[in-house]
Protein chains: 2
Amino acid sequence: MIYVNLPKQRPQPITLEEVATRAGVSAGTVSRVLNGKNKENRPAIAKRSEKIRQIALDLGYRPNAAARSMLRGAFRTAAFVTCGDPGIDWYPITGLNGIHAALTELDWRLIYNEMPASQIGDPDIVPQLLRETAVDGLIVNLLPYFVEETVDYFEAQPLPCVWLNIKREVRSVYPDERTGGEIAVESLTRSGHKRIGFFSRSFGNPIHYSSIDRLGGFQQAIKLRDLSSHRHLPLQSARPDRGAFQQRAEQFLSSFPDVDSVICYESAEVSSLTVAAERIGRRVPDVLEIIGFSERNIHDTFGMNAKSLIIPFHETGRQAVNMLQRILETGNRDASSIAIPYSLLED
Amino acid sequence: MIYVNLPKQRPQPITLEEVATRAGVSAGTVSRVLNGKNKENRPAIAKRSEKIRQIALDLGYRPNAAARSMLRGAFRTAAFVTCGDPGIDWYPITGLNGIHAALTELDWRLIYNEMPASQIGDPDIVPQLLRETAVDGLIVNLLPYFVEETVDYFEAQPLPCVWLNIKREVRSVYPDERTGGEIAVESLTRSGHKRIGFFSRSFGNPIHYSSIDRLGGFQQAIKLRDLSSHRHLPLQSARPDRGAFQQRAEQFLSSFPDVDSVICYESAEVSSLTVAAERIGRRVPDVLEIIGFSERNIHDTFGMNAKSLIIPFHETGRQAVNMLQRILETGNRDASSIAIPYSLLED
DNA sequence: TTGTACGCGTTATCAG
DNA sequence: CTGATAACGCGTACAA
């Protein structure tokens, strides 16, 4: 007898019991057969098992994930958390790709969740994700604007969580931005360039570690090769006014009129710089070669003539999943953070 | 007695039973109190209920979503599906934002799922999402390259699904691209422009409806105002070679040397066209004003001097959720498709 | 190898 | 308003 109010007309999914009834065996047997727990040595058994599998297939049997989760005491589900605030939030799709890929290998599900910055401090608002027990762990991508308080907030939850794209001592996975600068300089010098600059419109308070490290990696690589450095503007923390992006690009080019190649912090800098260069008659890439950090190929995506230093977000996502799984398996939360090196420079 | 192998040291979540024990009442009572099923008229009752709530809070009780799902016969979960193939896949983050926002209002969860194009035809590969019963419905975003077969594949599943960003008669939600062209032309004419062009690098086979409709909306708006049309290159279906993006922009400018303003299919066209224009000394936006279709503000994101016609993906996502919910509630799968009009033109 | 019985956590029902 | 009970679907220990 059904005593729970069910939505009208929802076709009930097939249960183990129904498969069992059709096959003339018990539910336990069907479960064992479908899960391959029988050896099926004797031909008669094998044949009957085959029949059971066929019936399950015909009926479209799909085990109920909730029932399995209950029995198991775990959900085989991780949640990706990001702030989602329009205009503020940013996260790489390639990172989601990597997380999904790694979870798929484990046969886990991925829950996508947004938590607005405005809600995270508020004790009255408990987001749905934390109101119920529904996932085994969190993979959190948050912006530097509110890292301090937010880290504590999540770490206080009874769920293991790993961090994306922030530099911490434990439980974080992030691109090793310094190696990017090295690869870019290496590529440019191999092409014969000697007067290499670094262009960034970086802003934000505090400044994201990637702004500091991409510049740092560039400077280190330049020094290593005894090339003169200093072809970059100082980092700025205030958000630029409207139109200031172009101005900054123009300022960069007039400050360093001799640059023959530039490494750009992101694709936005590539566009701005390309426009500013063409405006003063310096053709890209003939006269000015550009390499930009980007989550995806800059030429194919934006139509700019620049090489792309692919930020290893995909691998970052994969490793975050692995770290989370290790924490869950061992129960040991003290996982050292991992820096993922760059390796791809695409045309 | 525990008879299931549990992962080592996983701290067991608090159950209703434990809260009940601490409070000296039964589990049923705790459930009722926490769910507000009691009126709590008498002061003594109210006080005891308060105590129960406090204990639940102290212990960090969080209802188990799996248990609830089982009892309910539904998961309160929808899955967003996209192909995820690197370099091929594309979907707007703002769409995810909209889906998440609408689901949050319903207190539903969102599962993120990728299904590679290569797997969808393959009967031997059943993706995890469809192997278990774990969601109530699907919201599917797929590219035109393999729509035909894919639609059938998903529609054959025992799950209700709605479609994103494709034009179909039923169960799809998509931006009404024609209104975008209207708004753009309206804005440009108000600024005094009369020689308006439309630039697209569109490719793909079949060509996506947005390529056809953005151009169509533009042409209609031009005709409506008795402005001469034809300032656009023919659509092309073959994927352009490397570097062809810039060439196409240059070709556009040399074909229509008199254009005073251009509507671009996407932000990539905005960049390419801006560079090509600056290269021949036509400054943007002084001499050539540009408006581009984009999921997000083109100036802020890419540093280009162009206005942004914000594609209503957010609303598209919201409406898709609403449609799915209506289908689930009524059991009636025949939901007419919805075209979401444009409204935002950002500086 | 099979059927039986049990329990995972929660909530609706029903008698007190 | 409360406690006891049953039931959701599944997987496994147990005895046959």
Side-chain angles (χ1 to χ4, degrees), chain A residues 1-7 10 12-21 23-52 56 59 61-76 131-134, chain B residues 1-7 10 12-21 23-52 56 59 61-76 131-134:
Chain A
M1 192 198 68
I2 297 172
Y3 65 92
V4 182
N5 277 335
L6 290 171
R10 170 105 42 102
Q12 286 303 321
I14 308 299
T15 67
L16 215 44
E17 192 62 43
E18 286 172 66
V19 178
T21 307
V25 296
S26 76
T29 301
V30 177
S31 171
R32 257 169 320 212
V33 168
L34 294 183
N35 292 323
K37 300 275 163 118
N38 282 352
K39 291 180 195 153
E40 305 186 17
N41 290 327
R42 302 209 305 275
I45 304 286
K47 195 178 161 192
R48 194 209 310 221
S49 298
E50 191 47 49
K51 183 186 155 201
I52 291 174
L59 261 48
Y61 170 72
R62 290 177 161 93
N64 184 302
R68 286 184 153 179
S69 295
M70 269 187 62
L71 206 54
R72 195 188 296 131
F75 295 87
R76 298 218 176 142
R131 210 160 43 217
E132 290 190 344
T133 306
Chain B
M1 192 197 68
I2 297 172
Y3 65 92
V4 182
N5 277 336
L6 290 171
R10 169 105 45 102
Q12 286 303 322
I14 308 298
T15 67
L16 215 44
E17 194 62 44
E18 285 173 67
V19 177
T21 307
V25 296
S26 74
T29 301
V30 177
S31 171
R32 253 170 289 133
V33 168
L34 294 183
N35 292 323
K37 301 273 165 114
N38 282 351
K39 291 183 195 152
E40 304 185 19
N41 290 327
R42 301 209 307 275
I45 303 287
K47 195 178 161 192
R48 192 209 313 220
S49 298
E50 192 46 48
K51 183 187 155 200
I52 291 174
L59 261 47
Y61 169 72
R62 290 177 162 92
N64 183 302
R68 285 182 155 181
S69 295
M70 266 185 63
L71 209 53
R72 195 187 296 130
F75 296 87
R76 297 215 176 146
R131 209 160 43 219
E132 290 189 345
T133 306

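Every value quoted in this text rests on a predicted model; they were computed, and no experiment measured them.
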Exercise. Using only side-chain N and O atoms of B/R72, determine if any of them is under 4.0 Å from OP1 or OP2 of D/dC8.
Key: no
Quiz item: Nearest of D/dG3, C/dT11, C/dC8 to any side-chain atom of B/T29?
Solution: D/dG3
Quiz item: Got a donor-acceptor contact below 3.5 angstrom from the A/S69 side chain to the B/A66 backbone?
Solution: no
Self-check item: Phosphate contact (C/dT11 OP1 or OP2) by B/N35 side-chain N/O below 4.0 Å
Solution: yes
Quiz item: Which nucleotide in the set D/dC10, D/dC1, D/dT12 lies at the smallest distance from any side-chain heavy atom of A/K37?
Solution: D/dT12
Quiz item: Which part of the nucleic acid does B/L16 contact within heavy-atom distance under 4.0 Å: base, sugar-phosphate only, or nothing?
Solution: base
Quiz prompt | Per B/T15 side chain, nearest of listed nucleotides C/dC8, D/dG3, C/dT10 | solution = C/dT10
Practice problem: Name the nucleic acid region contacted by B/E17, choosing base, sugar-phosphate or nothing; use a 4.0 angstrom heavy-atom cut-off, strictly under. | Solution: nothing
Exercise. Could I get the full list of side chain to side chain donor-acceptor pair (under 3.5 Å) partners for A/R68, not counting sequence neighbours?
Key: B/E132
Quiz item: Once you round to the nearest 0.5 Å, how far does CE of A/M70 lie from CG of A/N64?
Solution: 10.5 Å
Practice problem: Indicate yes or no: at least one non-hydrogen side-chain atom of B/V25 is less than 4.5 angstrom from one of B/R48. | Solution: yes
Quiz item: What nucleotide, of D/dA4, C/dT10, C/dT4, holds the atom closest to the side chain of B/Y61?
Solution: C/dT10
Practice problem: Using the closest heavy atom to pick a nucleotide of DNA chain C for each, name whichever of A/R42 or A/A27 lands nearer the 5' end. | Solution: A/R42
Self-check item: Distance, nearest 0.5 Å, that separates CG of B/L34 from CG of B/L16
Solution: 6.5 Å
Exercise. Check whether the side chain of B/R32 and the base of D/dG3 form a donor-acceptor pair under 3.5 Å.
Key: yes
Self-check item: Listed nucleotide nearest any side-chain atom of A/I45, set D/dA4, C/dT10, C/dT1
Solution: C/dT1
Exercise. Taking the side chain as every heavy atom from C-beta outward, state whether A/T29 and A/V33 have any atom pair closer than 4.5 Å.
Key: yes
Practice problem: Give, for atom OH of B/Y61 and atom CZ of A/R131, the distance between the pair rounded to the nearest 0.5 Å. | Solution: 13.0 Å
Self-check item: Proximal nucleotide (of D/dG11, D/dG9, C/dT2) relative to the A/N64 side chain
Solution: D/dG9
Exercise. Using a cut-off of strictly less than 4.0 Å, decide whether A/R48 has a side-chain nitrogen or oxygen near OP1 or OP2 of C/dT2.
Key: yes
Quiz item: Any idea which of C/dT1, D/dT2, C/dT10 is nearest the A/N38 side chain?
Solution: C/dT1
Practice problem: For the side chain of A/L71, starting at C-beta, report the closest nucleotide among D/dA4, C/dT10, C/dC8. | Solution: C/dC8
Practice problem: Nearest whole angstrom, please: distance from the C1' of D/dA7 to the CE of A/M70. | Solution: 11 Å
Quiz item: Across the strands shown, which category fits A/S31 at heavy-atom distances under 4.0 angstrom: base, sugar-phosphate, nothing?
Solution: base
Exercise. Report the nucleotide, chosen from C/dT10, D/dT2, C/dT4, that has the shortest atom-to-atom distance to any side-chain atom of A/S26.
Key: C/dT4
Practice problem: State, to the nearest 10°, the angle formed by the axis through the first five base pairs of the helix from C/dT1-D/dA16 to C/dG16-D/dC1 and the axis through its last five. | Solution: 50°
